[in-house]
Amino acid sequence: MLNIRRFFNILKRTGLLHMFTGFIICYFAAALVLLLVEPQVTSYADGLWFCFVAFSTIGFGDITAVTLAGRITVILITIYAMVVLAMIPGVVVSYYTEYLKAKENETISTFLEKLERLPELSKEELADISKKVKRFNNKR
């Protein structure tokens with residue numbers, strides 16, 4: 001649940017939440033349009049299925065658009081989906097990378113702060129710093 005909340009917070013901060021919400025609205029609207037104009041789409045569930053197959057670019061072929069309005073709808077929903085599906089993972093990965101860098105910088109800052117107070121540290125704290133330096137050197 002926390003990861004979903006974090007995902008939506010990232011989308012909100014970057015403004016992609018509006019794009020994602022717009023995509024969901026277009027998805028359901030496109031399913032309705034397909035229900036109205038395509039003879040093979042006989043229920044709203046079929047329209048949703050067809051939109052899913054179109055935007056995920058799977059293209060099973062069980063339902064195909066035969067009318068001009070249906071084809072235009074499918075083209076638009078597919079292009080919109082490609083844009084959304086390309087942008088969201090990039091933004092999430094970028095935020096995650098920045099989060100890891102910030103966390104690393106925080107750790108380095110804490111470590112440097114301890115080094116500045118070296119004469120005041122206890123033997124346990126000095127041993128802890130020594131272990132951390134050895135682990136850092138072993139990773140490199």
Taking the side chain as every heavy atom from C-beta outward, state whether [X] and [Y] have any atom pair closer than 4.5 Å.
X	Y	value
Glu124	Asp128	no
Leu35	Asp46	no
Ile77	Phe23	yes

Heavy-atom closest contact ([X] atom, [Y] atom, distance):
X	Y	answer
Gly70	Ala65	C-CB, 3.8 Å
Leu34	Gly47	CD1-O, 4.4 Å
Leu32	Tyr44	N-CE1, 3.6 Å

Please evaluate residues Ile63 and Val53 with respect to the criterion side chain to side chain contact (heavy atoms under 4.5 Å, CB included), reporting the C-alpha separation (whole Å), side-chain torsions for both, the decisive distance (0.1 Å), and the verdict. CA-CA 9 Å; Ile63 303 172; Val53 170; over 6 Å; no
For [Y], is there any backbone N or O sitting under 3.5 Å from a side-chain donor or acceptor partner on [X]?
X	Y	answer
Tyr27	Leu48	yes
Thr78	Val74	yes
Thr97	Val93	yes

Are [X] and [Y] grouped together when hydrophobic residues (ILVMFWY) are joined by side-chain heavy atoms under 4.5 angstrom apart?
X	Y	result
Ile25	Leu36	no
Ile75	Phe55	no
Leu85	Ile79	no
Met82	Met19	no

Please go through Leu76's hydrophobic cluster and name the other residues, only I, L, V, M, F, W, Y counting, with side-chain heavy atoms under 4.5 Å joining them. Leu68, Ile72
Could you pull out all residues at least two apart from Val66 that satisfy side-chain contact (heavy atoms from CB on, under 4.5 Å)? Glu38, Pro39, Thr64
To the nearest 0.5 Å, atom NE2 of His18 lies from atom NZ of Lys12 at 9.5 Å
